[in-house]
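What follows is a set of notes on a single structure, which appears directly below.
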Amino acid sequence: MAAALPLVTSTSGGTQRRPEARITWGSGKMAAPTAAGPGPAPLLRIVAECGRSRARAGELRLPHGPVPCPVFMPVGTRGTTKGITAAQLAALGCRICLGNTYHLGTRPGPELVQRAGGLHGFMDWPHNLLTDSGGFQMVSLVELSEVTEEGVRFRSPYGGEEILLSPERSIEIQNALGADIVMQLDDVVSSTTTGPRVEEAMHRSVRWLDRCIAANRRPQQQNLFAIVQGGLDPALRTQCLEEMTRRDVPGFAIGGLSGGEEKGGFWRTVKLSTERLPRHKPRYLMGVGYATDLVVCVALGCDMFDCVFPTRTARFGSALVPWGSLQLKNKKFAKDFRPIDENCDCPTCRRHSRAYLHALMRSETVALHHLTVHNIAYQLNLMGSIRESILAQRFPEFVREFLSTMYGARERVPPWVLEALAAVGITLE
Amino acid sequence: VSLWGNSGRMEMTASKFMDIQRVIQPDWFQCISDGDTISGEAGRKRAKKAVDRSLSFLDVCLQLLEKSPELQGSVMFGAIEGGDILEERLRSARETAKRPVGGFLLDGFQGFAMAKEIKLKLIASVTAELPEDKPRIIHGVGKPDEVLECIERGVDIFESFFPFQVTERGCALVFSYDCHPDPEAAVLKQSGAQDLEKNGAEENQDEISKADREMTPFEIFLKDKRYQDDFGPLLEGCTCYCCQRHTRAYVHHLLVTNELLAGVLLMMHNFQHYFSFFSAIRDALREDKLDQLKKLVFRQALQGPANAKPGQ
């Protein structure tokens with residue numbers, strides 16, 4: 001089977017060496033291993049579980065080092081997290097982040113990235129990477145695409161040519177990019193869609209999962225995750241879960257949510273999914289990133305999350321804090337010389353005041369970089385606190401404290417949050 | 001003096017100006033002056049007025065400075081005005097030099113309005129009137145060849161947007177300033193010089209026309225297709241963060257995809273390179289090798305891209 005990636009780093013820190021530009025894995029014509037062959041060692045090591053809810057704390061044992069979980073993964077769409085250097089991101093404690101196959105697959109293209117030593121080498125990122133399949137763009141750029149059994153046909157916004165993103169092509173690109181976790185190509189429908197399209201997409205996703213498993217040329221180095229679909233329909237979800245859990249994949253994602261669906265359906269679908277996903281494999285809830293949602297979904301049993309929200313909202317001048325967010329463009333911060341959050345020890349809060357950021361924002365884009373750094377720190381610190389509380393067997397208490405800081409009075413906590421928590425044994429009393 | 005800010009026009013007086021300085025407590029600052037003498041437009045009369053007003057500002061500020069305990073640690077520079085009228089420039093220089101200022105600002109030389117020969121002649125004439133032991137600063141001079149010309153004529157401190165402008169147009173500074181090539185390093189630096197030569201070589205017209213017309217011969221335009229799969233650093237041997245950890249191909253990709261990180265990385269490199277250039281200037285002056293450095297830099301100034309403006 002293929003040799004290991006040339007860039008193999010120790011977990012004790014980043015490497016300064018540039019990887020060789022050649023990946024030594026043969027001509028690509030060797031037969032793909034079957035799904036029945038021995039898979040990689042178990043990815044998830046569970047260290048503690050909450051006695052009441054479904055929350056668990058553990059570690060993902062990935063090729064580029066261990067990643068404590070529950071974990072939030074910042075999104076670096078085109079090989080960079082919006083203005084933040086790889087060194088800054090690593091210094092904040094990030095050990096896994098996302099790259100986007102659709103964007104990178106079109107520019108600069110997988111062949112070039114492969115010559116650069118994979119996405120790790122191209123970005124100079126010594127830690128772990130997860131690439132999505134390119135499928136989500138189907139939903140967000142839907143006017144460009146047409147879905148058939150073959151795959152998704154896009155009209156490239158850059159050149160206008162037609163591209164077919166098939167399961168095989170998606171995995172081929174992801175193999176070239178070399179991320180530690182790769183996602184199957186799924187047939188994604190918006191969570192607000194109803195009707196036969198949802199069922200069609202669910203079945204197709206199962207078929208595409210099999211094609212992705214067959215197409216993965218590097219199962220030892222790249223962990224292929226399945227993505228459970230089925231919309232908000234419990235019957236469809238259950239069916240999908242049954243089918244997909246029969247396949248031997250290292251992890252599962254819960255897809256098709258976080259697209260503006262109503263929260264009742266959202267949390268029930270998450271709970272249903274974690275109920276039927278194997279305990280000992282990681283569960284990745286895609287697209288979830290608001291603080292409250294993270295806390296609730298950890299309680300429901302999810303381990304991994306990603307979302308553009310914290311980095312995107314930073315670029316609009318919004319700083320995330322335990323009690324909500326600060327719109328720093330607002331005049332009221334003009335003379336506020338406190339840091340964004342007195343309890344935050346990110347580089348931004350250690351050095352700058354709200355007043356400074358407010359003034360800077362009027363003329364300099366660098367202010368937004370400071371906010372991006374802070375918002376990533378906020379998310380990572382939140383996950384760290386969640387994890388610590390699970391390890392210390394006080395997760396329910398943590399949840400109560402979190403909600404109290406975020407919402408103040410019980411009446412202000414959104415009802416869906418209370419319902420979801422109650423469903424897994426956490427109440428506010 | 002009228003200033004235009006975010007909220008429109010505001011009147012700046014000497015005392016308001018000093019109030020602001022008292023709050024900021026800078027290590028040093030330039031005295032308020034009347035520099036409204038655009039070359040070619042301002043005649044002798046306007047130039048004379050600028051000199052007179054600036055001297056009177058200076059005297060008022062010197063008095064206020066003496067009475068300001070907050071500013072005891074701050075040094076004030078006097079501004080030398082006079083437009084492009086030699087007599088006025090000389091008068092301004094001599095009069096300003098009589099005052100107890102900590103240094104001198106050669107004002108009004110920024111921008112492109114003044115012809116180069118006039119600019120250089122005036123700078124030389126002005127600094128000849130100034131005491132040797134006080135620093136001279138000039139604004140708006142940034143290109144390496146122009147910097148050297150001013151240094152030869154007695155300027156010590158430079159302020160400009162040059163490295164930033166290079167970054168903004170997606171370029172990286174790669175010019176050589178190394179007068180002591182050791183044989184191994186020479187091979188590495190050669191690649192930098194070769195890149196500059198390639199800039200001028202026959203190339204896909206498309207790509208050249210995309211480069212900013214302001215681009216100088218001292219830089220490479222990283223958005224150019226040729227860097228798409230160039231896995232070397234921006235400049236071989238550079239120790240900046242970008243060159244240590246990233247490649248031309250990566251920065252090219254960031255520029256093509258309009259990623260914010262492109263500017264971050266380029267700025268780090270361009271600053272480091274530009275600061276190192278000044279370090280090399282200081283070394284050259286100490287070792288009396290300024291001529292060699294000048295030759296090296298001026299040689300590179302001539303290898304422009306096909307559409308460089310002459311005499312710029």
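Note: hydrogens, waters and symmetry copies are ignored here, and every other heavy atom, side chains too, is used. Reminder, nothing fancy here: chain letters follow the sequence lines and each chain counts from 1.
- Partners of Phe275(B) by ring-ring contact (aromatic ring centres under 6.0 Å, His included), not counting sequence neighbours, listed by chain and number: Phe271(B).
- Across every non-hydrogen atom of Phe122(A) and Tyr250(B), the tightest pair is O-CD1, 3.0 Å.
- A 6.0 Å sphere centred on CZ of Arg315(A) holds more than 12 heavy atoms belonging to other residues, nucleotides or ligands.
- In this structure, Leu260(B) CG and Leu368(A) CG are separated by 8.5 Å, a value rounded to the nearest 0.5 Å.
- A 6.0 Å sphere centred on CZ of Phe278(B) holds more than 12 heavy atoms belonging to other residues, nucleotides or ligands.
- The number of heavy-atom neighbours closer than 6.0 Å to OH of Tyr241(B), taken from other residues, nucleotides and ligands shown, is above 12.
- For Phe277(B), the ring-ring contact (aromatic ring centres under 6.0 Å, His included) test picks out Phe175(B), with sequence neighbours left out.
- By the 4.5 Å heavy-atom criterion applied to side chains, Arg245(B) and Thr85(A) are not counted as neighbours.
- Looking at Val256(B), both its backbone and its side chain come within 4.5 Å of chain A, counting heavy atoms on both sides.
- Closest approach of His253(B) to Arg107(A), counting heavy atoms only: CE1-O, 3.3 Å.
- Minimum interatomic distance between Ala116(A) and Phe231(B) (heavy atoms only, all atoms of both residues): CB-CE2, 3.2 Å.
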